[in-house]
Amino acid sequence: MNKLSALLLLCLLDIAGAQPIPDRPEALQFPKLSWQPPRFERVELPGGAVLYLVENHELPLVRGKIMFLGGAAHEPAERAGLSALTMHVLRTGGTAEMSAEELDEALEFVAASIETSADADRSTLSFDCLSKDFDDVWAMLVDMLEHPRFQERYIDEKKKQMLEALRRENDQPEQILMREYRRLLYPDHPYGRRTDGEEKTIAALSRDDLLAWHKQLLSPSRMLVGVAGDFDARDIKRRVRQLAENWPYRTVALPAVPPLPQPKEGLFIFEKPIAQTSLILAHRGPARPYPDYHAVQVMSFILGGGSFSRLTDSVRTKGGLAYGVASFFAYGYKRGVFGAWCQTKPTTSYRAGELILSEIERIRRGRRPPRAATGQRLAGQCFIFRSGSLTSTWAISRSWRCTARVQFLDDYMDRIQRVTAADVRRVAEKYLHPDRLLMLYVGDSWPLRPTPARLPTGRDRGET
Amino acid sequence: MMQRDDARNADTHPRSGDTCPAPGQRVLSPVRAASRRPLPAARIAKMPTPPATTSPRCALLALLAFSLLPASAAWKMPPVHEKILSNGMTILVIERRASPTFHAHIGFRAGSAYEKPGESGMAHMLEHMLFKGTRVMGTRNYAAEEPLMARLDQLYEQLDAARAAPVPDASRIEDLAAQITSVENEQQQYIRSEELWSLYQQNGGENLNASTSRDITNYFLSLPANRLELWAWLESDRMQAPVFREFYRERDVIAEERRMRVEADPGGVLWEALFSAAYTAHPYRIPTIGYMSDIENYKRPAVERFHTLNYAPNRAVVVLVGDLSAQKAFAVCEKYFGRLARQPDPPPILPREPEQRGERRVQVLFDAEPHVMVAYHVPPTGHPDLYALEVLAGLLSEGRTSRLYKSLVRTQEIAVSAHAFALDGRDPGLFIFSGAPRHPHTAEEVEKAFYAELAGLIHDPIDERELQKVKNNLQADFIRGLGTNMGMAHALGYYAVIADWRYLETFLDRINAIAAEDVKRVARQYLTPANRTVAIRVKEEKS
């Protein structure tokens with residue numbers, strides 16, 4: 001150690017040691033921390049594709065996602081499961097250049113992964129590899145996107161797996177809850193369907209269906225690419241541009257998603273004799289973009305978004321009724337959902353639902369107005385912190401997906417900070433609708449019979 | 001619990017279904033529970049989906065075959081700075097300037113294996129209680145709270161006894177419950193609920209949580225780089241003088257956690273049954289979350305005793321990874337944690353698991369489709385044979401080209417999932433097979449197929465390329481696992497507590513040295529019929 005660093009060390013030790021430990025942590029002083037969030041590069045390509053890049057050379061890895069707007073919501077009811085099957089076998093069924101077996105072997109030998117999926121609104125390919133293998137992995141994924149082989153054998157295999165998944169879909173209460181509450185929010189609508197289809201529709205899907213749907217589903221005009229890691233940005237831009245420009249198929253519009261139906265309201269019970277009831281209160285919520293988004297973020301944190309939210313305090317800490325309890329505003333493509341859920345033993349399932357309901361009412365009308373500051377700090381701090389990670393590309397791509405507003409990141413913090421207590425109260429009244437809730441219980445129904453008067457009494461009261 | 005798939009609980013909640021969670025919003029409130037081994041998590045996360053074989057044919061493939069791993073092989077773990085404070089507390093620091101943040105991890109050698117009979121789950125209960133504040137944090141007036149908590153201890157003692165009576169006296173129970181409510185309400189006026197979480201989060205804390213496993217209890221979070229002293233203040237405060245307020249209410253919360261993780265979860269039920277049967281003497285047989293009857297009867301003084309005994313600085317390892325200087329970090333730790341007094345070690349865990357002499361089978365009825373798990377006793381972390389067992393798990397279960405996937409899922413089509421993994425620990429752990437049959441095939445068919453694969457692996461030659469593939473994956477997973485401050489801190493903390501953090505420095509070299517013959521040998525030696533426990537979940541049809 002040279003003299004200078006020894007001196008520095010002494011100073012540091014002194015700084016740490018000289019001040020007495022204060023009685024409370026708030027008395028601590030912190031050195032200033034100046035930090036610019038990492039810059040994301042956004043490139044718009046002719047034809048509509050958009051690329052986001054974050055270069056980061058710390059680890060010899062490249063990770064990325066190629067996302068296409070459009071998914072299961074666009075498929076006809078009698079073809080339910082088509083997008084999921086197409087995207088799955090896109091990966092597992094081989095390509096023009098390589099058989100399914102060769103592809104798996106090549107990827108796994110170098111510990112690389114390419115995986116695909118489809119949900120209601122998006123069809124996605126994601127990849128993760130060591131940077132030294134990126135050339136090869138990119139070539140494989142382009143081949144996969146453009147020229148999937150859809151080997152029959154792997155179509156058949158996936159169909160069998162989807163059928164088994166159907167058999168197993170009532171094993172987990174949470175899985176039932178998720179499936180059923182969507183069905184109730186979007187009755188007889190693609191958003192209410194299982195994206196993996198039903199027994200009959202799965203059985204009917206053929207290789208020709210996949211070939212045709214692939215050409216329609218994937219189009220560079222609806223493509224968003226995010227790549228992060230150890231690469232040269234110019235190289236990635238060139239690759240993505242080529243992918244978009246050399247796309248071998250003509251863009252065909254996807255069938256429109258039908259207009260959203262009237263959601264169900266009232267109490268619903270999915271009978272499952274089990275030690276713990278899962279329950280959710282939900283209604284449809286605002287879709288992004290909308291001007292109150294930031295105020296709703298803050299309000300949502302106060303109600304049920306953090307570990308010391310009102311719901312946690314009431315249902316968990318003071319009530320001892322649940323381990324997990326939270327509420328959320330979630331956003332899909334041109335749609336949104338508000339929900340609040342918890343899991344509790346059957347004997348307290350009524351009480352827990354009632355407590356959640358009263359917290360929803362309290363944040364709208366309660367005597368003690370919500371303090372904006374708490375939610376603001378949370379919404380703000382968490383966000384800043386997350387933007388520091390390699391995965392932030394996905395945050396951006398998600399926001400793009402939801403808002404088509406890319407300046408989202410730039411003004412997020414400002415807008416959060418401008419939210420006032422009055423805003424919180426106003427958006428709580430505007431976007432929370434205790435009178436329009438659906439309330440779904442998965443568990444033992446006996447504690448709810450006869451149906452308690454306090455729970456929502458919508459016109460669709462019934463059982464699922 | 002330390003289930004592999006704990007993350008599932010966070011992943012499958014309703015909100016994740018509806019896409020596009022808002023930035024910064026958390027899914028579960030405190031997921032304060034179980035943990036798994038830090039490193040293999042990466043590998044487990046990318047567990048099988050699908051399969052296929054064949055030899056290289058096209059040019060691309062040939063190219064890949066020869067580009068082994070130069071880039072990643074060059075990647076080395078950054079240097080670890082180590083200091084042991086005079087009270088015995090270990091401080092490990094990795095300086096890493098990728099972002100102006102750091103991750104702080106404290107691990108105590110105090111998992112569920114250190115519990116006494118009747119106190120199952122107490123390590124986990126203690127973990128929850130450490131979020132309830134101290135004499136300074138979480139209170140408006142500790143002096144006023146103290147007598148109320150003592151009164152609650154008495155009342156709950158009476159209530160629990162009354163409830164346990166052969167013929168419970170309903171009116172007495174009601175009376176006690178009323179008194180309790182009144183005292184709890186009185187205490188409420190002094191409580192600042194969740195002040196620690198709140199303060200951390202308002203200072204930019206992220207990933208704030210804690211976890212309990214069989215060997216270790218962890219407390220961790222990420223903070224902006226300039227908040228090191230805040231962390232040291234809060235953590236040394238709660239190590240030194242935690243106050244277990246709202247204790248009895250938290251018993252109910254943990255009971256709900258147990259219902260969520262075990263009683264209403266088909267995977268949790270099976271896992272618990274497997275461990276209860278595989279271990280007969282060693283405390284790994286006890287579920288980390290605890291038995292319901294123990295949870296319902298925890299008493300505050302008992303948990304305080306557990307804390308005093310197990311949370312000594314000489315049983316703690318602090319790991320700091322991020323934008324800090326090691327010397328400064330040591331100084332801050334000395335200043336804050338140096339205040340804590342060294343304590344005598346608690347009695348060691350004495351029971352050793354006797355050699356298993358014959359197969360054990362258990363069956364669990366549950367309202368869910370069937371599943372099978374097969375577990376074999378294997379040596380603890382640090383034992384040389386574990387490296388070969390890791391490679392064995394890779395051969396069997398890493399990816400679509402793994403043997404179990406290719407055979408059970410792809411070729412025979414009898415299963416929808418089939419995995420194998422080594423679960424290590426401070427004491428001897430388990431090597432586990434896990435599979436879900438595809439209707440109309442049965443759990444027993446999947447079980448038989450596991451044994452057939454095992455026999456093939458033992459008796460047939462192992463292709464060098466296949467072996468190399470597994471090593472490549474272990475290496476890449478290792479890099480991915482250590483890719484974040486948090487991943488690195490957890491891995492260091494875990495191995496520092498249960499064995500030696502230097503395990504990580506040599507891990508890859510040891511893996512690379514494994515030969516096909518080593519894999520066959522450990523398979524022959526440990527994966528024997530007499531050493532196995534089979535747990536099968538059977539669908540229970542309720543009317």
Problem set entry | Donor-acceptor pair, side chain of E108(A) and main chain of T401(B), under 3.5 angstrom | yes
So which part of [X] gets closer than 4.5 Å to some heavy atom of chain A, the side chain, the backbone, both or neither?
X: P370(B); answer: both
X: R339(B); answer: side chain
X: A436(B); answer: both
X: R537(B); answer: side chain
X: I254(B); answer: neither
X: E184(B); answer: neither
X: E246(B); answer: side chain
X: L234(B); answer: side chain
X: Y248(B); answer: neither

Using distance alone, with no hydrogens and no angle criterion, decide if [X] and [Y] have a side-chain donor and acceptor under 3.5 Å apart.
X: Q468(B); Y: N472(B); answer: yes
X: D119(A); Y: T195(A); answer: no
X: Q19(A); Y: Q29(A); answer: no
X: E195(B); Y: Y200(B); answer: no
X: E413(B); Y: H441(B); answer: no
X: S113(A); Y: E115(A); answer: no
X: Y191(A); Y: D121(A); answer: yes

Just so I understand: if I count every heavy-atom pair under 4.5 Å between each of [options] and chain B, which residue has the most?
options: G443(A), G319(A), A120(A); result: G319(A)
options: L163(A), N170(A), D230(A), D23(A); result: D23(A)
options: Q276(A), K158(A), R179(A), K318(A); result: Q276(A)

Exercise. Looking at residues at least two apart in the chain, or sitting in another chain, which of them share a salt bridge (Lys or Arg N to Asp or Glu O under 4.0 Å) with E164(A)?
Worked result: R167(A), R168(A)
Problem set entry | Residue list, salt bridge (Lys or Arg N to Asp or Glu O under 4.0 Å) with R91(A), at least two apart or on another chain | D104(A)
For this session: Identify which of A232(B), S417(B), P437(B) forms the greatest number of heavy-atom pairs closer than 4.5 Å to chain A.
Result: P437(B)
Exercise. Between K539(B), Q188(B), K469(B), R258(B), which has the largest tally of heavy atom pairs under 4.5 Å with chain A?
Worked result: K469(B)
Check each atom of [X] against the heavy atoms of chain B and say whether the ones under 4.5 Å are side chain, backbone, both or neither.
X: S278(A); result: neither
X: C342(A); result: neither
X: D156(A); result: side chain
X: K272(A); result: side chain

For this session: Look at the rings of Y181(A) and F328(A) and say which category their plane angle falls in: under 30° parallel, 30 to 60° tilted, over 60° perpendicular.
Result: perpendicular
